[in-house]
Amino acid sequence: MQRITEAPLDVNTLLAETENDTCGAFVVFGGVVRNHHQGRGVAGMSYTAYGPMAEKVLEELEQETIQRFGVAECRIMHRIGKLEIGEASVLVAVRSAHRADSFEAGQYAIDTLKERLPVWKEDFYTDGSSGYQDGVPLETSEATETERGGRGHE
Amino acid sequence: MQRITEAPLDVNTLLAETENDTCGAFVVFGGVVRNHHQGRGVAGMSYTAYGPMAEKVLEELEQETIQRFGVAECRIMHRIGKLEIGEASVLVAVRSAHRADSFEAGQYAIDTLKERLPVWKEDFYTDGSSGYQDGVPLETSEATETERGGRGHE
Amino acid sequence: MLDVQFYGVLQQVAGTRSLQVDLKDDDITVDQVLTQLRQDVPALSAHLPRVACAQGESLVRRSDAVDPRQPLVLLPPVSGGRGPGQWRNT
Amino acid sequence: MLDVQFYGVLQQVAGTRSLQVDLKDDDITVDQVLTQLRQDVPALSAHLPRVACAQGESLVRRSDAVDPRQPLVLLPPVSGGRGPGQWRNT
């Protein structure tokens, strides 16, 4: 089951893959390329991933989300390559017996993905320039190790 | 634009109707017929609505959600008639610039819908019996007016 | 005559989707119609405290005057699934 | 020779997707490779504190020994969009 793909993402694919008759609720989150970033016009975007680790991070995050929130299903896909405005870069689908769990689990999954998934986005601005967005250092970087030490291993 | 329908609901329909290039996030909530209710096996379900008021309640709830959470788009559809296990009875789609707003607004919309929308569900159990699920009295019932008075119009 | 319509479980309880209530005069409140209904269909009595009433697109209160030209619609508790409560009174 | 691969903005900074680092011996840590890299490509220095390293599917710490048979992969801060913080340390 591929979680990092160059193909356009479709919500119904994830819903079909997570069908579960015990569930009364689903939540799908989608991250979409929007036409602005920090006040600048955006024409498109390109995503790259470190594939071997990215697949594993998503697989583990699905399992962690299921166990942590007691939801029945969690499925995550992230797109790479060039994306147009309005296209989805990431989809998270969660299913549970009751709706509150799906909302909570879905939000956890996307928030955590943003801190762990080795994916980078390069904005193409409407003025013709481009640039990588800065982000969150992954664990094991000096920055996170120092922060962790400074917080007294809390 | 019809919000109460006998036709199967499709997530992509709502996403297409809410396309908005300024948005970086969407959340879709789906309520689905599940195969159990309070320990009993469920074979299917039938939804009925008081149509004239239901359309208005959903339209107003969409606008209220947009204004309260500052999201860009909110679209709600509810299905009526006979539904099979796994079919969606309600879909809520929200789009916003940032993801936290979509989650919060989506949860508000479905929680509020459950208290305001004049819709009733009749379970058909696997043992051949059926029954209406009890629910939440609407505003203006004696029960809600008394509760309101008893709480000192808080 | 006023057309009274039932939804949800009330259709089962009343054994019908609608019935006619004889209005004594034109200037009658929702409450008065419900009092008449309790007499005509005693099985409804236990349900009425949790029933809301509507005419057209809007809910009407017990003390509101009834518009005799359109049906009075009786709405039992809605499908529910309780919200988490965090949104109430905010 | 160890294959060092760059991702994201590091490809721009290094001007390449990968380069070879000469290992003095087989028993070398991630930290020692990065020290060598700072000398070979000074422009990387400012970025390295916020870079994580991986081999294969897994992150490796600065003090970990490098497996010379597979590339050392340098991963800059990820696409971000900060979480609300409520999930941290819980």
Side-chain angles (χ1 to χ4, degrees), chain A residues 29 31 34 37 45-60 64-65 68-69 78 80 89-90 104-105 107-123 130-148 151-154, chain D residues 3-15 17-18 29-35 37-38 43-67 70-90:
Chain A
F29 170 81
R34 62 194 162 112
H37 177 65
M45 211 170 265
S46 174
Y47 283 84
T48 50
Y50 174 45
M53 189 179 134
E55 287 283 345
K56 186 185 165 206
V57 164
L58 291 185
E59 191 178 337
E60 288 177 351
E64 182 185 327
T65 301
R68 184 165 181 154
F69 296 91
H78 202 295
I80 54 173
S89 58
V90 57
E104 212 175 4
Q107 188 148 20
Y108 174 80
I110 185 63
D111 287 350
T112 307
L113 178 151
K114 295 276 187 176
E115 295 181 350
R116 288 191 201 158
L117 187 68
V119 161
W120 301 275
K121 47 185 170 188
E122 188 178 6
D123 284 336
S130 69
Y132 281 95
Q133 287 186 19
D134 192 26
V136 184
L138 290 168
E139 270 193 40
T140 77
S141 76
E142 268 179 57
T144 54
E145 298 283 290
T146 306
E147 191 191 359
R148 182 175 297 212
R151 283 196 262 151
H153 299 278
E154 62 181 335
Chain D
D3 187 31
V4 175
Q5 297 182 351
F6 303 108
Y7 278 83
V9 70
L10 301 180
Q11 292 179 358
Q12 283 185 347
V13 174
R17 288 173 177 241
S18 68
T29 64
V30 172
D31 214 22
Q32 290 171 300
V33 176
L34 297 186
T35 299
L37 261 181
R38 270 192 199 88
L44 284 171
S45 293
H47 290 267
L48 290 182
R50 300 179 74 228
V51 162
C53 299
Q55 289 203 289
E57 292 185 348
S58 303
L59 292 172
V60 291
R61 298 192 183 278
R62 296 293 202 259
S63 55
D64 287 346
V66 171
D67 177 354
Q70 52 181 349
L72 183 71
V73 184
L74 268 61
L75 311 172
V78 296
S79 65
R82 291 215 162 260
Q86 61 174 306
W87 307 111
R88 290 166 193 251
N89 304 313
T90 58

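Here is the naming used below: chain letters follow the sequence lines, and residue numbers restart at 1 for every chain. Since the model is a prediction, treat every value here as computed from it, not as a measurement.
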For the residue pair [X] and [Y], what are the closest heavy atoms and their distance?
{"X": "D:Pro77", "Y": "A:Pro137", "result": "CB-N, 3.7 Å"}
{"X": "D:Arg61", "Y": "A:Thr140", "result": "NH1-CG2, 3.9 Å"}
{"X": "A:Ser141", "Y": "D:Pro49", "result": "CB-O, 3.8 Å"}

If we only count heavy atoms from C-beta on, is the [X] to [Y] side-chain gap below 4.5 Å?
{"X": "D:Gln12", "Y": "A:Glu122", "result": "yes"}
{"X": "A:Trp120", "Y": "D:Pro76", "result": "yes"}
{"X": "D:Leu59", "Y": "A:Met53", "result": "yes"}

D:Thr29: partners by side chain to side chain contact (heavy atoms under 4.5 Å, CB included), with sequence neighbours left out: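 Here the qualifying residues are D:Asp31, D:Gln32.
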
Heavy-atom distances under 4.5 Å only: say whether D:Val9 touches chain A with side chain, backbone, both or neither. both

Which bit of D:Val60 comes within less than 4.5 Å of chain A, counting heavy atoms only: side chain, backbone, both or neither? backbone

Name the one of A:Val136, A:Asp134, A:Leu138 that satisfies side chain to side chain contact (heavy atoms under 4.5 Å, CB included) with D:Arg50?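 With D:Arg50 as partner, side chain to side chain contact (heavy atoms under 4.5 Å, CB included) holds for just one option, A:Asp134.
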
Surrounding CZ of D:Arg38 (heavy atoms of other residues, nucleotides or ligands, distance under 6.0 Å), is the total greater than 12?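 Yes, CZ of D:Arg38 has more than 12 neighbouring heavy atoms, counting only those of other groups under 6.0 Å.
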
With sequence neighbours excluded, tell me which residues meet salt bridge (charged side-chain N to carboxylate O under 4.0 Å, His left out) with D:Asp3.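 For D:Asp3, no residue satisfies salt bridge (charged side-chain N to carboxylate O under 4.0 Å, His left out) once neighbours in sequence are set aside.
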
Is a donor on one side and an acceptor on the other found under 3.5 Å between the side chain of A:Tyr132 and the backbone of D:Ser79? no

Chain D contact via A:Ala49 - which portion, at a heavy-atom distance below 4.5 Å: backbone

Which atoms of A:Glu55 are under 4.5 Å from chain D, going by heavy atoms: the side chain, the backbone, both sets, or neither? neither

